[in-house]
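Here's the structure, in C-alpha cells; my notes come after.
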Amino acid sequence: MSQAPEVLPNKNDPCWCGSGKKFKRCHLANAGRVMQGTISPMRYVPDNIIKPPYAATGNVPNTRESAIKSPEVIERMRVAGKAAAEILAKAGELVRPGITTEEIDIFVHDLTIQMGGYPSPLNYHGYPKSVCTSVNEVICHGIPDSRALEDGDIVNLDVTIFLNGVHGDTNATFAVGNISDEDKKLMRVTEECLWKAIEVVKPGMLINELGRAIQIHAHENNFGVVRMFTGHGIGETFHTEPQVLHYFDKFDSTMIREGMTFTIEPMITASGETAHKTWKDQWTAVTADFSRTAQYEHTMVVTADGVDVLTAGPGAVSPSAPWNR
Ligand code: MF3
Ligand code: CO
Ligand code: CO
C-alpha cells in the first residue's frame with residue numbers, strides 16, 4: 001500500500017505499508033518526510049531505438065568530448081532539446097494528488113520511445129528508471145516508485161532524451177494540488193535563479209559569473225544553494241566539460257566560448273541549508289535538514305553575442321522566461 005489508511009495502527013503494531021516494521025519505527029517516525037515506495041523492475045526499450053553506450057551495461061565509458069560543438073552537433077541538439085522540453089511539459093500536466101511517480105515514469109518512458117529517443121537516465125551508472133522524480137526535501141535523483149503524490153507536495157521532474165546521438169536535458173518543479181505560499185516562493189525564486197544565470201551567458205565571460213548570479217538571488221531571499229550537484233557540459237555525452245557551479249568560486253577560471261553547450265540547473269533550499277545526505281539506494285539526495293528544495297534546468301548553446309536556450313521556447317515549462325513575463 002502506498003497511501004496511509006484512514007485508521008492508523010497502534011504504535012507497536014506493524015506499519016500499514018507492509019514493511020514488516022513497527023508503525024512507530026516506520027511511517028510514524030518519518031511523519032512529514034518522503035519515504036521510498038516500491039521500485040518496479042527496469043523497463044524495456046525496443047531494439048530499433050539507438051541507445052547510448054551505457055544502456056546495456058550501466059557502465060559509462062570515459063569519452064572525452066570537446067566543450068565546443070560543431071554546427072552539425074548543435075543542430076541535432078536543438079532537436080533533442082525541443083523533444084525534452086515537450087516531454088517535460090506533457091509529464092508536468094500529469095502531476096496531481098494520487099498519481100504515483102512510477103506512473104509518471106511510464107509516461108515519460110513511452111513518450112520518449114514514441115519520439116524515437118532513448119530515456120537517458122535509464123541505466124546511466126545503473127540508475128533504474130527513465131526520469132528523476134524528486135519530491136519535497138529530495139534535492140535530485142529521486143527514483144520513481146509506488147508512492148502517490150500528495151496534496152501540498154512539490155515534485156521536480158528531470159527529463160533527458162538521447163535523440164540522434166545527442167542528449168537534451170531539462171527539468172522543472174511542479175505543484176501537487178494546493179501548495180503553501182512558501183513553496184510557491186521557493187519555486188518562483190529558483191526559476192528566477194536559473195534565468196538570472198542564463199541572462200549572464202556570453203562568450204568571453206568567466207563561467208563563475210553564473211554561480212555568482214544564482215547565489216546573489218538565492219541569498220537575497222534567505223534561501224540556500226546546494227553545492228554537491230552542478231550543471232554540466234552536454235552533447236554526445238550526458239555529462240561532460242565544463243562543470244557549471246551554482247555558487248561563486250573565485251578560483252574557477254573557465255571561460256565561456258561560442259559553441260559551448262551546457263546545462264544550468266540550480267537546486268535551492270528553503271531553509272538556507274547547503275548540505276545533503278544520500279538514501280541507502282545510493283541515488284536519492286535529500287537536504288540534510290529535510291528542508292524543501294526546488295530545481296529548474298535548461299540545456300543551452302553559447303552564440304556569438306549571448307545564448308540560445310535549446311530546451312525553452314513556446315510550450316516549455318518556463319513561466320518566468322523573458323517571453324512569458
Ligand atoms: N538529468 C540529470 C541532470 O540534470 C541527471 C540524472 S542522472 C540519473 O544532470 F542517472 F540520475 F538519471
Ligand atoms: Co543536467
Ligand atoms: Co537533468
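- Within 6.0 Å of atom CZ in R76, more than 12 heavy atoms from other residues, nucleotides or ligands are found, so the atom counts as buried in its surroundings.
- Annotation for N48: atom CG counts as buried by contact number, over 12 foreign heavy atoms lying within 6.0 Å.
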Stepwise side-chain hydrogen bond (donor to acceptor under 3.5 Å, both in side chains) test for S291 and S271: CA-CA 6 Å; S291 164; S271 67; 3.3 Å; yes
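- Residue V7 shares its hydrophobic cluster (ILVMFWY side chains chained together at separations under 4.5 Å) with no other residue.
- The ring-ring contact (aromatic ring centres under 6.0 Å, His included) check on H246 picks up nothing, with sequence neighbours excluded.
- Applying the 6.0 Å contact sphere to NZ of K51 captures more than 12 heavy atoms from other residues, nucleotides or ligands.
- Between F238 and H167, the ring planes lie parallel to each other; the angle is under 30°, not in the 30° to 60° tilted range.
- V309 pairs in a side-chain contact (heavy atoms from CB on, under 4.5 Å) with only one of the listed residues (V201, I198, T170, L194), which is I198.
- E102 and S40 share a donor-acceptor pair across their side chains, judged by distance under 3.5 Å alone.
- Here M228 sits in one hydrophobic cluster together with I139, V226, F229, M267; the rule is ILVMFWY side chains under 4.5 Å apart, joined directly or through other members.
- Environment of CG in L8: crowded, with over 12 heavy atoms of neighbouring residues, nucleotides or ligands closer than 6.0 Å.
- Atom CG of D158 and atom CG of L88 lie 8.5 Å apart (nearest 0.5 Å).
- We find that E209 and R212 are joined by a salt bridge, their nearest charged nitrogen and carboxylate oxygen being less than 4.0 Å apart.
- Here the rule is side-chain contact (heavy atoms from CB on, under 4.5 Å) with T261, and of V301, T240, V73, V166 only V301 fits it.
- Few gaps surround NZ on K69; more than 12 heavy atoms of other groups in view lie less than 6.0 Å from it.
- Under a 4.0 Å N-O distance rule, the pair R188/E192 qualifies as a salt bridge.
- Checked for salt-bridge contact, E86 and K90 meet the test: a charged N lies under 4.0 Å from a carboxylate O.
- Here A294 pairs with T173, L186, M187, T190 under the side chain to side chain contact (heavy atoms under 4.5 Å, CB included) rule; sequence neighbours left out.
- L157 has its side chain within reach of V95: a pair of non-hydrogen atoms, C-beta onward, lies under 4.5 Å apart.
- Taking the side chain to side chain contact (heavy atoms under 4.5 Å, CB included) definition, one finds that M35 meets it with C26, H27, N30, sequence neighbours left out.
- With sequence neighbours excluded, the residues satisfying side chain to side chain contact (heavy atoms under 4.5 Å, CB included) with H239 are Y124, H232.
- Environment of NZ in K21: sparse, with no more than 12 heavy atoms of neighbouring residues, nucleotides or ligands closer than 6.0 Å.
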